Amino acid sequence: MPVTRREFLEKSAAVAAAGFVPRLPDDFGLNLSAGTAPGSLVEGSGAPAVLKGRARPCVVSSSNGLRGVKVAYDQIVSGADPLDAIIAGVNIQELDPEDQSVGLGGLPNEEGVVQLDASCMHGPTRRAGAVAALEDIATPSLVAKAVMDYTDHVMLVGAGAKKFAKAMGFREQELLTEKSRQDWLRWKARLNANDAWLDHDDDVRIKFTTGTINMNAVTASGDLASVTTTSGMAWKVPGRIGDSPIVGAGQYCDNLVGAAGSTGRGEANIKTCASFLIVEFMRAGMAPRAACLKALERVVAMTETRLLGPNGRPKFDLEFYAVAKDGTFGGATLYSGGKFAVCDERGARLEEAGFLFRR
Ligand code: SD4
(Lines give C-alpha, C1' and ligand atoms only; values in the text may rest on other atoms or scores of the structure.)
Protein backbone atom coordinates (compact mmCIF):
# COMPACT_ATOMS: atom_id res chain seq x y z
CA MET A 1 0.00 0.00 0.00
CA PRO A 2 1.53 3.35 -0.99
CA VAL A 3 1.92 5.69 1.98
CA THR A 4 0.12 9.02 1.96
CA ARG A 5 2.06 12.29 1.83
CA ARG A 6 1.09 12.93 5.42
CA GLU A 7 2.38 9.54 6.55
CA PHE A 8 5.58 10.12 4.54
CA LEU A 9 6.12 13.51 6.19
CA GLU A 10 5.51 12.13 9.69
CA LYS A 11 7.83 9.21 9.10
CA SER A 12 10.62 11.17 7.37
CA ALA A 13 10.43 13.94 10.01
CA ALA A 14 11.09 11.30 12.64
CA VAL A 15 13.97 9.93 10.54
CA ALA A 16 15.46 13.43 10.12
CA ALA A 17 15.06 14.22 13.81
CA ALA A 18 16.96 11.05 14.62
CA GLY A 19 19.83 12.40 12.49
CA PHE A 20 19.64 9.78 9.74
CA VAL A 21 20.10 10.41 6.06
CA PRO A 22 17.23 8.54 4.35
CA ARG A 23 19.07 5.44 3.15
CA LEU A 24 16.61 2.94 1.84
CA PRO A 25 13.13 3.33 0.45
CA ASP A 26 12.07 0.86 3.14
CA ASP A 27 12.77 3.63 5.66
CA PHE A 28 9.55 5.12 4.39
CA GLY A 29 7.71 1.85 3.95
CA LEU A 30 7.10 2.62 0.31
CA ASN A 31 5.74 -0.21 -1.75
CA LEU A 32 4.35 0.64 -5.12
CA SER A 33 4.11 -2.88 -6.44
CA ALA A 34 1.38 -3.26 -9.00
CA GLY A 35 2.82 -6.18 -10.89
CA THR A 36 1.68 -7.88 -14.04
CA ALA A 37 0.39 -11.35 -13.19
CA PRO A 38 3.07 -13.98 -13.80
CA GLY A 39 2.51 -15.82 -17.03
CA SER A 40 0.27 -13.19 -18.56
CA LEU A 41 0.48 -12.19 -22.18
CA VAL A 42 1.32 -8.54 -22.60
CA GLU A 43 0.39 -6.67 -25.74
CA GLY A 44 2.04 -3.40 -26.76
CA SER A 45 0.08 -0.74 -28.60
CA GLY A 46 0.28 -2.19 -32.09
CA ALA A 47 3.46 -4.04 -31.15
CA PRO A 48 3.80 -7.81 -30.91
CA ALA A 49 3.25 -9.56 -27.58
CA VAL A 50 6.46 -9.17 -25.60
CA LEU A 51 6.18 -11.57 -22.67
CA LYS A 52 4.83 -15.06 -22.38
CA GLY A 53 5.36 -16.79 -19.05
CA ARG A 54 7.64 -15.50 -16.34
CA ALA A 55 10.60 -13.22 -17.02
CA ARG A 56 14.09 -13.81 -15.69
CA PRO A 57 14.66 -11.30 -12.88
CA CYS A 58 17.68 -9.23 -13.80
CA VAL A 59 19.40 -6.00 -12.76
CA VAL A 60 21.79 -4.14 -15.08
CA SER A 61 23.88 -1.08 -14.28
CA SER A 62 26.98 0.93 -15.03
CA SER A 63 30.13 -0.82 -13.77
CA ASN A 64 30.25 1.18 -10.52
CA GLY A 65 26.97 -0.54 -9.58
CA LEU A 66 28.56 -3.95 -9.01
CA ARG A 67 27.64 -3.88 -5.30
CA GLY A 68 24.29 -2.25 -6.02
CA VAL A 69 23.03 -4.79 -8.59
CA LYS A 70 23.40 -7.56 -6.00
CA VAL A 71 21.47 -5.60 -3.38
CA ALA A 72 18.75 -4.76 -5.91
CA TYR A 73 18.54 -8.32 -7.26
CA ASP A 74 18.25 -9.84 -3.77
CA GLN A 75 15.43 -7.42 -2.97
CA ILE A 76 13.63 -8.15 -6.24
CA VAL A 77 13.67 -11.92 -5.80
CA SER A 78 12.35 -11.37 -2.26
CA GLY A 79 9.36 -9.60 -3.78
CA ALA A 80 10.39 -5.92 -3.56
CA ASP A 81 9.15 -3.35 -6.01
CA PRO A 82 11.73 -2.97 -8.84
CA LEU A 83 12.14 0.80 -8.38
CA ASP A 84 12.57 0.52 -4.60
CA ALA A 85 15.16 -2.21 -5.21
CA ILE A 86 17.30 -0.31 -7.74
CA ILE A 87 17.13 2.90 -5.70
CA ALA A 88 18.50 0.90 -2.75
CA GLY A 89 21.22 -0.23 -5.19
CA VAL A 90 22.22 3.28 -6.31
CA ASN A 91 21.99 4.66 -2.75
CA ILE A 92 25.20 2.70 -2.05
CA GLN A 93 27.13 4.86 -4.54
CA GLU A 94 25.32 8.07 -3.58
CA LEU A 95 26.36 7.63 0.06
CA ASP A 96 29.90 6.44 -0.71
CA PRO A 97 32.26 9.44 -0.42
CA GLU A 98 34.85 7.53 -2.47
CA ASP A 99 32.65 7.58 -5.60
CA GLN A 100 33.36 11.08 -6.88
CA SER A 101 30.72 10.93 -9.61
CA VAL A 102 27.59 10.62 -7.47
CA GLY A 103 26.01 12.09 -4.33
CA LEU A 104 28.24 12.62 -1.28
CA GLY A 105 31.79 13.35 -2.44
CA GLY A 106 30.73 14.06 -6.04
CA LEU A 107 33.03 16.46 -7.91
CA PRO A 108 31.67 20.02 -7.73
CA ASN A 109 30.88 22.68 -10.32
CA GLU A 110 33.37 25.42 -11.23
CA GLU A 111 32.46 27.33 -8.06
CA GLY A 112 33.15 24.34 -5.83
CA VAL A 113 29.47 23.53 -5.22
CA VAL A 114 28.19 19.97 -5.62
CA GLN A 115 25.01 19.97 -7.74
CA LEU A 116 23.25 16.64 -8.23
CA ASP A 117 20.90 15.32 -10.93
CA ALA A 118 18.67 12.21 -10.84
CA SER A 119 15.59 10.69 -12.43
CA CYS A 120 13.60 7.50 -12.17
CA MET A 121 10.72 5.68 -13.84
CA HIS A 122 8.35 3.08 -12.44
CA GLY A 123 7.06 0.78 -15.16
CA PRO A 124 3.93 -0.69 -13.54
CA THR A 125 2.42 2.71 -12.73
CA ARG A 126 3.93 4.55 -15.75
CA ARG A 127 5.22 7.32 -13.47
CA ALA A 128 8.42 9.33 -13.48
CA GLY A 129 10.24 11.75 -11.17
CA ALA A 130 13.36 13.89 -11.45
CA VAL A 131 15.49 16.51 -9.72
CA ALA A 132 18.26 18.63 -11.19
CA ALA A 133 20.96 20.93 -9.80
CA LEU A 134 19.97 19.78 -6.31
CA GLU A 135 22.37 20.91 -3.56
CA ASP A 136 23.13 19.53 -0.07
CA ILE A 137 21.03 16.35 -0.24
CA ALA A 138 23.05 13.13 -0.69
CA THR A 139 20.36 10.92 -2.22
CA PRO A 140 18.81 12.69 -5.23
CA SER A 141 17.40 9.35 -6.48
CA LEU A 142 15.11 9.23 -3.44
CA VAL A 143 14.14 12.88 -3.89
CA ALA A 144 13.30 12.13 -7.55
CA LYS A 145 11.09 9.28 -6.37
CA ALA A 146 9.44 11.57 -3.81
CA VAL A 147 8.67 14.05 -6.63
CA MET A 148 7.09 11.12 -8.48
CA ASP A 149 5.14 9.88 -5.48
CA TYR A 150 4.01 13.08 -3.80
CA THR A 151 3.61 15.77 -6.44
CA ASP A 152 1.68 16.25 -9.65
CA HIS A 153 4.98 17.12 -11.37
CA VAL A 154 7.83 15.18 -12.94
CA MET A 155 10.84 17.45 -12.40
CA LEU A 156 11.99 19.95 -9.78
CA VAL A 157 15.24 21.92 -10.08
CA GLY A 158 17.63 23.97 -7.97
CA ALA A 159 16.35 25.84 -4.95
CA GLY A 160 12.82 24.51 -5.45
CA ALA A 161 14.05 20.93 -5.48
CA LYS A 162 16.01 21.48 -2.27
CA LYS A 163 13.10 23.18 -0.55
CA PHE A 164 10.87 20.25 -1.52
CA ALA A 165 13.43 17.71 -0.29
CA LYS A 166 13.74 19.45 3.07
CA ALA A 167 9.98 19.64 3.40
CA MET A 168 9.85 15.89 2.77
CA GLY A 169 12.33 15.27 5.60
CA PHE A 170 15.59 14.80 3.73
CA ARG A 171 18.58 15.96 5.75
CA GLU A 172 20.79 18.79 4.50
CA GLN A 173 24.52 18.06 4.59
CA GLU A 174 27.79 19.30 3.08
CA LEU A 175 28.48 17.09 0.05
CA LEU A 176 31.93 18.44 -0.83
CA THR A 177 34.47 16.10 0.74
CA GLU A 178 38.04 17.20 1.40
CA LYS A 179 39.24 14.91 -1.39
CA SER A 180 36.88 16.46 -3.96
CA ARG A 181 37.71 19.98 -2.70
CA GLN A 182 41.41 19.30 -3.24
CA ASP A 183 40.70 18.08 -6.80
CA TRP A 184 38.63 21.20 -7.47
CA LEU A 185 41.46 23.42 -6.19
CA ARG A 186 43.95 21.61 -8.41
CA TRP A 187 41.66 22.13 -11.40
CA LYS A 188 41.18 25.79 -10.54
CA ALA A 189 44.90 26.38 -10.12
CA ARG A 190 45.46 25.23 -13.70
CA LEU A 191 42.93 27.54 -15.31
CA ASN A 192 44.57 30.20 -17.46
CA ALA A 193 43.64 32.80 -20.05
CA ASN A 194 43.75 30.22 -22.83
CA ASP A 195 41.84 27.61 -20.93
CA ALA A 196 39.08 25.85 -22.82
CA TRP A 197 36.92 26.20 -19.75
CA LEU A 198 35.55 22.67 -19.50
CA ASP A 199 38.64 20.87 -20.80
CA HIS A 200 40.77 19.44 -18.04
CA ASP A 201 44.24 18.09 -17.50
CA ASP A 202 44.34 14.34 -17.92
CA ASP A 203 45.19 13.51 -14.33
CA VAL A 204 42.21 15.50 -13.08
CA ARG A 205 39.91 14.14 -15.78
CA ILE A 206 40.64 10.61 -14.59
CA LYS A 207 38.74 11.44 -11.42
CA PHE A 208 35.38 11.10 -13.03
CA THR A 209 35.86 8.15 -15.32
CA THR A 210 33.77 5.96 -13.00
CA GLY A 211 30.78 8.06 -14.09
CA THR A 212 27.33 8.39 -12.90
CA ILE A 213 25.28 5.36 -11.91
CA ASN A 214 22.38 4.06 -13.99
CA MET A 215 20.47 0.94 -12.90
CA ASN A 216 17.58 -0.91 -14.58
CA ALA A 217 15.65 -3.96 -13.42
CA VAL A 218 13.00 -6.45 -14.37
CA THR A 219 11.17 -8.72 -11.92
CA ALA A 220 9.90 -12.27 -12.43
CA SER A 221 6.52 -10.74 -13.23
CA GLY A 222 8.05 -8.64 -16.00
CA ASP A 223 7.74 -5.36 -14.11
CA LEU A 224 10.43 -2.82 -14.95
CA ALA A 225 12.08 0.25 -13.45
CA SER A 226 15.02 2.53 -14.15
CA VAL A 227 17.03 5.14 -12.24
CA THR A 228 20.06 7.35 -12.94
CA THR A 229 21.86 9.56 -10.42
CA THR A 230 24.98 11.72 -10.74
CA SER A 231 27.00 14.73 -9.69
CA GLY A 232 27.28 15.42 -13.42
CA MET A 233 30.20 16.73 -15.36
CA ALA A 234 32.99 17.88 -13.05
CA TRP A 235 33.70 21.65 -12.98
CA LYS A 236 30.51 22.36 -14.91
CA VAL A 237 29.03 25.84 -15.24
CA PRO A 238 26.76 26.36 -12.21
CA GLY A 239 23.23 25.38 -13.13
CA ARG A 240 24.32 23.04 -15.94
CA ILE A 241 21.98 20.06 -16.11
CA GLY A 242 23.09 16.85 -17.79
CA ASP A 243 21.19 13.95 -19.29
CA SER A 244 20.69 12.00 -16.06
CA PRO A 245 17.58 13.87 -14.85
CA ILE A 246 16.03 14.02 -18.32
CA VAL A 247 13.42 11.30 -18.71
CA GLY A 248 14.07 9.63 -22.06
CA ALA A 249 17.76 10.60 -22.05
CA GLY A 250 19.37 9.55 -18.73
CA GLN A 251 16.95 6.67 -18.32
CA TYR A 252 13.63 5.40 -19.65
CA CYS A 253 11.32 2.52 -18.92
CA ASP A 254 8.20 1.16 -20.60
CA ASN A 255 6.61 -1.72 -18.74
CA LEU A 256 5.54 -3.34 -22.02
CA VAL A 257 9.04 -3.45 -23.47
CA GLY A 258 12.12 -2.78 -21.33
CA ALA A 259 14.29 -0.20 -19.59
CA ALA A 260 17.49 1.61 -20.55
CA GLY A 261 19.89 4.22 -19.24
CA SER A 262 23.12 6.01 -19.86
CA THR A 263 26.40 7.32 -18.46
CA GLY A 264 29.01 9.46 -20.18
CA ARG A 265 28.78 12.77 -22.02
CA GLY A 266 25.29 13.98 -21.21
CA GLU A 267 25.26 16.70 -23.85
CA ALA A 268 25.56 14.02 -26.57
CA ASN A 269 22.83 11.91 -25.02
CA ILE A 270 20.31 14.72 -24.53
CA LYS A 271 20.34 15.41 -28.27
CA THR A 272 19.42 11.83 -29.13
CA CYS A 273 17.05 10.96 -26.25
CA ALA A 274 18.91 7.69 -26.39
CA SER A 275 17.27 5.81 -23.50
CA PHE A 276 13.88 6.36 -25.12
CA LEU A 277 15.36 5.41 -28.48
CA ILE A 278 16.83 2.15 -27.10
CA VAL A 279 13.46 1.16 -25.65
CA GLU A 280 11.83 1.94 -28.99
CA PHE A 281 14.42 -0.19 -30.82
CA MET A 282 13.63 -3.04 -28.40
CA ARG A 283 9.91 -2.52 -29.03
CA ALA A 284 10.68 -3.01 -32.72
CA GLY A 285 12.26 -6.36 -31.87
CA MET A 286 15.96 -5.64 -31.32
CA ALA A 287 17.90 -7.37 -28.54
CA PRO A 288 19.11 -5.00 -25.75
CA ARG A 289 22.76 -4.92 -26.85
CA ALA A 290 21.89 -4.40 -30.51
CA ALA A 291 19.49 -1.62 -29.50
CA CYS A 292 22.27 0.10 -27.49
CA LEU A 293 24.67 -0.13 -30.44
CA LYS A 294 22.06 1.26 -32.83
CA ALA A 295 21.48 4.22 -30.51
CA LEU A 296 25.25 4.84 -30.42
CA GLU A 297 25.23 5.05 -34.22
CA ARG A 298 22.62 7.80 -33.90
CA VAL A 299 24.83 9.59 -31.38
CA VAL A 300 27.75 9.56 -33.82
CA ALA A 301 25.51 10.84 -36.62
CA MET A 302 24.35 13.69 -34.34
CA THR A 303 27.83 14.72 -33.16
CA GLU A 304 28.89 18.26 -34.02
CA THR A 305 32.10 18.69 -35.99
CA ARG A 306 34.08 20.29 -33.15
CA LEU A 307 33.70 17.05 -31.16
CA LEU A 308 34.83 14.74 -33.97
CA GLY A 309 38.47 13.66 -34.25
CA PRO A 310 40.36 13.59 -37.57
CA ASN A 311 39.09 10.02 -38.08
CA GLY A 312 35.50 11.22 -37.83
CA ARG A 313 34.98 9.56 -34.47
CA PRO A 314 33.64 11.34 -31.36
CA LYS A 315 36.23 12.63 -28.91
CA PHE A 316 34.06 11.57 -25.95
CA ASP A 317 32.57 8.33 -24.69
CA LEU A 318 29.01 7.36 -23.92
CA GLU A 319 27.72 4.11 -22.41
CA PHE A 320 24.26 2.55 -22.64
CA TYR A 321 22.68 -0.23 -20.56
CA ALA A 322 19.40 -2.01 -21.25
CA VAL A 323 17.17 -4.81 -20.02
CA ALA A 324 14.18 -6.26 -21.87
CA LYS A 325 10.95 -7.41 -20.32
CA ASP A 326 11.95 -11.07 -20.71
CA GLY A 327 15.15 -10.56 -18.68
CA THR A 328 17.62 -10.39 -21.57
CA PHE A 329 20.11 -7.57 -21.13
CA GLY A 330 23.03 -5.79 -22.75
CA GLY A 331 25.32 -2.80 -22.73
CA ALA A 332 27.38 -0.92 -25.30
CA THR A 333 29.89 1.92 -25.43
CA LEU A 334 31.36 3.98 -28.23
CA TYR A 335 34.87 2.64 -27.58
CA SER A 336 36.08 -0.87 -26.76
CA GLY A 337 37.05 -1.90 -23.24
CA GLY A 338 33.84 -0.89 -21.48
CA LYS A 339 32.15 -3.08 -18.91
CA PHE A 340 28.80 -3.03 -17.18
CA ALA A 341 27.44 -4.73 -14.06
CA VAL A 342 24.69 -7.32 -14.08
CA CYS A 343 23.05 -9.59 -11.53
CA ASP A 344 20.74 -12.46 -12.40
CA GLU A 345 20.48 -16.11 -11.34
CA ARG A 346 24.23 -16.45 -12.12
CA GLY A 347 25.15 -13.79 -9.54
CA ALA A 348 26.67 -10.30 -9.73
CA ARG A 349 29.46 -9.76 -12.22
CA LEU A 350 30.95 -7.39 -14.78
CA GLU A 351 30.37 -8.15 -18.46
CA GLU A 352 32.05 -6.80 -21.59
CA ALA A 353 30.07 -4.09 -23.31
CA GLY A 354 29.56 -4.07 -27.05
CA PHE A 355 31.28 -1.19 -28.86
CA LEU A 356 31.30 0.73 -32.13
CA PHE A 357 35.03 1.57 -32.35
CA ARG A 358 38.15 -0.24 -31.24
CA ARG A 359 40.35 2.01 -29.10
C1 SD4 B 1 26.27 13.99 -17.18
N2 SD4 B 1 25.98 11.73 -17.90
O3 SD4 B 1 25.95 14.78 -16.28
C4 SD4 B 1 26.47 12.54 -16.81
C5 SD4 B 1 27.90 12.35 -16.45
C6 SD4 B 1 28.45 10.99 -16.56
O7 SD4 B 1 30.29 9.62 -16.62
O8 SD4 B 1 27.75 10.04 -16.77
N9 SD4 B 1 29.74 10.84 -16.44
O10 SD4 B 1 26.47 14.34 -18.33
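In each ligand, atom 1 is the first atom listed, and ligand 1 is the first ligand listed. Computed from a prediction, not measured in an experiment: that's the story for all the values here.
Inclusion of Arg265 in the set of residues having an N or O under 3.5 Å from an N or O of ligand 1 is not warranted. Taking distance alone, with nitrogen or oxygen atoms compared against 3.5 Å, Gly232 stays at or beyond that limit from ligand 1. Of the polar atoms of Gly242, none of the N or O atoms is found under 3.5 Å from an N or O of ligand 1, judged by distance alone. An N or O contact shorter than 3.5 Å links Asp243 to ligand 1 by distance.
Residues Thr228 and Ile213 are not in side-chain contact: their nearest non-hydrogen atoms beyond the backbone lie 4.5 Å or more apart. In this structure, the side chains of Lys166 and Phe170 stay at 4.5 Å or more apart for every pair of heavy atoms. Within the 4.5 Å cutoff, the side chain of Asp243 has heavy atoms near those of the Ser262 side chain.
Of the residues listed (Thr219, Asp84, Asp81), the one engaging Ile76 in a side chain to side chain contact (heavy atoms under 4.5 Å, CB included) is Thr219, and it is the only one.
When each atom of ligand 1 is checked for a heavy atom of Met233 under 4.0 Å away, the hits are 3 (O). In the vicinity of Gly266, heavy-atom distances shorter than 4.0 Å reach the ligand 1 atoms 2 (N), 10 (O). Of all atoms in ligand 1, numbered sequentially from 1 with element shown, those under 4.0 Å from a heavy atom of Thr263 are 8 (O).
Using a 4.0 Å heavy-atom cutoff, Arg240 is listed among the residues neighbouring ligand 1.
In this structure, the ring of Tyr335 has its center no less than 6.0 angstrom from the ring center of Phe355.
Annotation: Lys271, atom NZ; neighbour count of heavy atoms from other residues, nucleotides and ligands within 6.0 Å is above 12.
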